[in-house]
Asks: 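Dropping the structure in here first, questions after.
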Number of protein chains: 4
Amino acid sequence: MTLKVGIVGAAGFAGVELVRLLSRHPHFDLRVITSNSDEGQSISSLYPALKGVCDLPLSSHDDPAVAACDVVFTATPHTVSMNMAPGLLGKGITVIDLSADYRLKDVATYEQWYGVEHTSADLLTTAAFGLPEITGDELTTAHERYAQGNPVLVACAGCYPTATSLAAYPAIDLSQGVVVVDAISGVTGAGRSATSRTHFCSANENFEAYGVAHHRHTPEIEQILGIKDRLVFTPHLAPASRGLLSTVTLQLNDEACSLSAHDIYARYVAAYEGKPFVDVLPLGEMPKTSSVVGTNRAHVGIALNEKTHCLIAVGAIDNLAKGAAGQAVQCANIACGFSEDAGLTTTALPV
Amino acid sequence: MTLKVGIVGAAGFAGVELVRLLSRHPHFDLRVITSNSDEGQSISSLYPALKGVCDLPLSSHDDPAVAACDVVFTATPHTVSMNMAPGLLGKGITVIDLSADYRLKDVATYEQWYGVEHTSADLLTTAAFGLPEITGDELTTAHERYAQGNPVLVACAGCYPTATSLAAYPAIDLSQGVVVVDAISGVTGAGRSATSRTHFCSANENFEAYGVAHHRHTPEIEQILGIKDRLVFTPHLAPASRGLLSTVTLQLNDEACSLSAHDIYARYVAAYEGKPFVDVLPLGEMPKTSSVVGTNRAHVGIALNEKTHCLIAVGAIDNLAKGAAGQAVQCANIACGFSEDAGLTTTALPV
Amino acid sequence: MTLKVGIVGAAGFAGVELVRLLSRHPHFDLRVITSNSDEGQSISSLYPALKGVCDLPLSSHDDPAVAACDVVFTATPHTVSMNMAPGLLGKGITVIDLSADYRLKDVATYEQWYGVEHTSADLLTTAAFGLPEITGDELTTAHERYAQGNPVLVACAGCYPTATSLAAYPAIDLSQGVVVVDAISGVTGAGRSATSRTHFCSANENFEAYGVAHHRHTPEIEQILGIKDRLVFTPHLAPASRGLLSTVTLQLNDEACSLSAHDIYARYVAAYEGKPFVDVLPLGEMPKTSSVVGTNRAHVGIALNEKTHCLIAVGAIDNLAKGAAGQAVQCANIACGFSEDAGLTTTALPV
Amino acid sequence: MTLKVGIVGAAGFAGVELVRLLSRHPHFDLRVITSNSDEGQSISSLYPALKGVCDLPLSSHDDPAVAACDVVFTATPHTVSMNMAPGLLGKGITVIDLSADYRLKDVATYEQWYGVEHTSADLLTTAAFGLPEITGDELTTAHERYAQGNPVLVACAGCYPTATSLAAYPAIDLSQGVVVVDAISGVTGAGRSATSRTHFCSANENFEAYGVAHHRHTPEIEQILGIKDRLVFTPHLAPASRGLLSTVTLQLNDEACSLSAHDIYARYVAAYEGKPFVDVLPLGEMPKTSSVVGTNRAHVGIALNEKTHCLIAVGAIDNLAKGAAGQAVQCANIACGFSEDAGLTTTALPV
């Protein structure tokens, strides 16, 4: 069975990764890709790696072909999705949103962190949060509604929240106090805009922290893990194209202090049993971002600091794949009733 | 239909790329992988990107399971293949050799450039040279012999010869005099050995020429293009993991001086029509290695320098894929009668 | 005035950085450089960047010329220094040690973390700890003893301890509970040995945590900051040659919770007033490692997370300069009574 | 003795490298730096590596302080210099121009390759060409005029012409026919503008040829080497910040065919004897760009291909230093009568 799909915002980095994945997907037939700023060009002229794979032209966001799709992926900056999603849903189209617009369940939190009014806040209660290994129930519910003929809205998790939550989730209820997250992203995380920050000669041979104490992924991580006002999140930029590593330090609570590393490890293994995209590495191994680049996989490793009773949990993903486009396809697969890994079986380059 | 295959020398960079490709191949069933230096370890412990994709253990080269295969890929340093191939062929096993041992048709040339005696020189006349877009006839012949129940030996072209020849081939008979080839390779081309040369801090932020005037790919390029003693080949190393770019400068002969860039372009288009892995870029575009990394594709671009009557032809490949493992799979596909692109349809990451 | 100096262990990365700095130093005259593994080669043949700057040959560690120096820098793995320093000091030679052998004041802690017996533990009480901005008193005392004609021993701080302590020091007495340090180093931090870990193709396009929960710089940081058993230190590797960034998250204690970011900022400015190598960046700016590479400088930035009452303090240095060779020269300058910045005024490349 | 100097166009990559060099120069006192696009900002806020080294504000190009200088460096795009230089010279100010405006002696060639009318072509005959190792006579003459109280104009050589000419010059009169130059530059060569081409994620892990058959440095190289209509010049981009490598292939003429590699090597040594910034590497060694980054040095290596009677000559420089700002300072030193290497003695980082 095949569904007609479109991508709104296909020329950005997450958008073009969607193009790559959907061009080879067994059940989604990519019909239309849009970009207001690059309208008229073919995606393969912008990204010559796609030559022969997808040579579709980019049309504007209001291309009528979008409305002829069964499923639309929106890979646009925040505020664009919240203006398009209601209309698409109204036409019976399922929307897989990669932006931040429907991720935060609490409209006040959204408006505070993003500094804009939410124009379709009513959808926040029905949007399924898209981080299947953790919010699988929401996606199951979404699929049930879809199976009954209703369009659904999925708000896919952000890149930092994905890696961080996959690393921390199985142990979060063992923790107390402040949760410290220091994460590192490759430069694709800064987006396609050519700025002094993304200039090769600025990003190369450099690493730095940014958005310290006020990055917008903070409330999203707090929501997923249920740790409101307990998070210190500091993202860093490193000189690689792709890859995201999140290092989470959790202070164990009194009960958990008696647990051994093996005890906690067993919780991780149990938490991700049967999840096709998460590998819990053996104790003693830590994830490398290069092992997951180009794939929808996450690698997770843990270590216990016994003197301080702290758990260090590290998660590695490809920020554009499991952190964006891959996860969106995974969510769409679930929502539409396909195999969770359909179109997502690429292997990372071993070297 | 499925054939049992093995890889001798699977822990090196070309070998592990074969593991990646053969683990997902529709017709080859990877049964055994060997490495004398890493015997006993699993390939995915050496290369964690393969975790869950291929967790086979590495055995030694003399593992009997090798002899139980239908097809064996040898990704070993030169001299190893020439000692193994006769025995494997004698057992009816088809051998796809990635080393230099059977590439040069002239045994004296081999012995001069490699400084060793060739111990199975009789096979040089029957080995098919594996660069399908140029030596397709040899591979067709090999397949005919294979189809009659005979094992065949394919000597896959080297990385520099592949990119260089694909760039130069359609115009080589328009040229005269010295052919100048300056090529650039990523560091995987220097192999898996950890040396001061391959140390990150030596290769990073650096480029340099090496093997100047005496690189062993010289006679191979001369053989493919039929330009004996006309080649100046200078390879360079640049700070990227994968990718190989070959820039060929051809002096046009007197007849060819009247040709326009479009005339020559038409020859390129004709030469590669129907070849699934070669894209001739439109006049005015030049190939980027990043567009082909991870794939078996080659991008070729040309430009004409009218004052000097020189053609500049540039070819880009992934040195480990079209320059090694991908090409080996392509050759095996042809030899065994499968679709030429079976198992080779991965798309490059667009960014 | 000029002193004769030598470098034991000059072929490693910290050693050769010492060669670079001492070749241009106004008061130190570099007479002898040693390396047991590269004896007989010239340093500029190993590192062609030094051609014409320093073409001295490498001799063995027991070269008698070492004993003819006024000051010897030991840039050797741990255990080498503790076997050489007593003899050198006995001959009246001042020793500036870049290894870990004399950093930890408590011999039991040393023996526990390094797993070897300390053979000259008596020197631990007299060795001055070399992190001038924090342990300046010890260096002043050392200079007084030196001025009276005594040789002195300086144990220079490690790279992670330097960046971390410079970031945390002015606020450490405002903190309580666990101190979380996530730091990122360039690959020179892994040393000159060519290993699978330092291979370009392993380190490139990758970041990862390592030594989690058991890195040997842990007790050193705890000692400098006076936070025994309060530290969680997680180092990471990123694909750059040089640079080290340390991100410290401090939980403010009850009294400090009422302080504003500006209050804390004022403490930082005061702490580093008159220190020629530390720049406290304006509130709102965070350090970039590229701004300090090649120099002995440290950039420090802070931000306050008000909801969690945590301070995030970030320090950037060049791990081979302020984190090793530069700091050693700075310490030697102080110990010998030269201007603190003699030979250390190089500017970082702006791009 | 100290001269007042200014930089017009100080915010670009060559401009800021001038700021770095002139901030530490013993005879030039940097008084004013300009940038029309970044007017009002301090150079150290744009480039934090300069913090504490040069914190001058950027003013506009028409800042009267420019006219109060003794020497002005113009590091602006072509056409800007030719509109400013006549006025500055008229006020008695010496102009060191880093742009292309006065490099080509033939105005028609300039107008053809740059596509604009030259508005001060009369200066082309008096401008000294700034590549001291080759056009030293022009600079000597300039100094004589300067010493008599006249302002002078120096047109500094471009980056590719510098590396290429230093590699080829000692052997150019041994050559015949087409000269093939394939050169590789780091990304600073593409300038400070943030474009899709200079985006980290576009330049990283990629190499490519560009400007094939029509790069503007072609006529400049032809002029320096006296090889009109004999040059095929193909520049390439590689993923490093700095560094430029030029590989020149020269067909030896009939007389030169009898020369050995040692004969030709002796010519190189003789040609650069006494030149403080050029190192001819021993036969068998080839230059690495990393050995010269951050310095005004050039490394040159040669090899002879005996079968084809071709010489391969390779030159490595830092495109922003010897290829731009360093060379400008060297030319200014000569023109003004200072030691040729004043302010230019920095050592490259050995690793």
Side-chain angles (χ1 to χ4, degrees), chain A residues 11-17 20 35 37-38 41 43-51 58 159 185-210 237-244 289-290 293-294 318-321 323-324 348-349 351, chain D residues 11-17 20 35 37-38 41 43-51 58 159 185-210 237-244 289-290 293-294 318-321 323-324 348-349 351:
Chain A
F13 287 168
V16 73
E17 180 75 351
R20 179 177 77 94
S35 165
S37 53
D38 294 287
Q41 300 192 61
I43 190 71
S44 61
S45 68
L46 293 180
Y47 297 96
L50 294 178
K51 191 174 289 279
L58 291 156
C159 53
S185 174
V187 185
T188 47
R192 183 189 171 212
S193 295
T195 64
S196 66
R197 179 192 193 69
T198 59
H199 194 295
F200 181 86
C201 302
S202 172
N204 187 37
E205 292 295 292
N206 182 49
F207 23 101
E208 62 182 293
Y210 69 97
L237 202 64
S241 288
R242 290 178 176 227
L244 192 157
T289 56
S290 59
V293 161
D318 179 333
N319 55 304
L320 293 184
L349 299 183
V351 70
Chain D
F13 287 168
V16 74
E17 180 74 351
R20 178 177 77 94
S35 165
S37 54
D38 294 288
Q41 300 192 59
I43 190 73
S44 60
S45 68
L46 292 180
Y47 297 96
L50 294 178
K51 192 173 287 278
L58 290 156
C159 53
S185 174
V187 185
T188 48
R192 182 189 172 212
S193 295
T195 64
S196 65
R197 178 189 193 70
T198 59
H199 195 296
F200 182 87
C201 302
S202 171
N204 187 37
E205 292 296 292
N206 182 49
F207 22 103
E208 61 183 295
Y210 69 98
L237 203 63
S241 288
R242 290 178 177 227
L244 190 157
T289 55
S290 59
V293 162
D318 179 333
N319 55 306
L320 292 184
L349 299 183
V351 72

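Below, all heavy atoms of this structure are taken into account, side chains as well, without hydrogens, waters or symmetry copies. Because the structure is predicted, anything quoted here is derived from the model rather than measured. In what follows, chains carry the letters A, B, and so on, assigned in the order in which the sequence lines appear, proteins first and then strands, with residues in each chain numbered from 1.
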Asks: What part of A/Phe13 lies closer than 4.5 angstrom to a heavy atom of chain D: side chain, backbone, both or neither?
Replies: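 The answer is the side chain of A/Phe13.
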Asks: Okay, side chain of A/Tyr47, backbone of A/Glu17: is any donor-acceptor separation there less than 3.5 Å?
Replies: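 Not a single qualifying donor-acceptor pair exists.
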Asks: Distance check, rounded to the nearest 0.5 Å: D/Lys51 atom NZ versus D/Ser45 atom OG?
Replies: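 OG of D/Ser45 is found 8.0 Å from NZ of D/Lys51.
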Asks: For the candidates D/Ser196, D/Ala190, D/Ala240, which exhibits the highest count of non-hydrogen atom pairs separated by less than 4.5 Å from chain A?
Replies: D/Ala240
Asks: So what's closer than 4.5 Å to chain D heavy atoms on A/Arg192: side chain, backbone, both or neither?
Replies: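 Answer is backbone: N, CA, C or O of A/Arg192 sit under 4.5 Å from chain D.
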Asks: Less than 4.5 Å apart, side chain to side chain, heavy atoms only: is that true for D/Tyr210 and D/Arg197?
Replies: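 They are in side-chain contact.
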Asks: Looking at A/Ser241, is its backbone amide N or carbonyl O close enough to the side chain of A/Thr188 to form a donor-acceptor pair, meaning the two atoms are under 3.5 Å apart?
Replies: yes
Asks: Check whether A/Ser193 gets within reach of chain D through its side chain, its backbone, both or neither, counting any heavy atom under 4.5 Å.
Replies: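 Backbone only.
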Asks: Where on A/Thr198 is there a heavy atom nearer than 4.5 Å to chain D: the side chain, the backbone, both, or neither?
Replies: both
Asks: Would A/Leu46 and A/Leu58 count as a side chain to side chain contact (heavy atoms under 4.5 Å, CB included) if you check the C-alpha gap in whole Å, the side-chain angles of each, and the deciding distance to 0.1 Å?
Replies: CA-CA 10 Å; A/Leu46 293 180; A/Leu58 291 156; 3.6 Å; yes
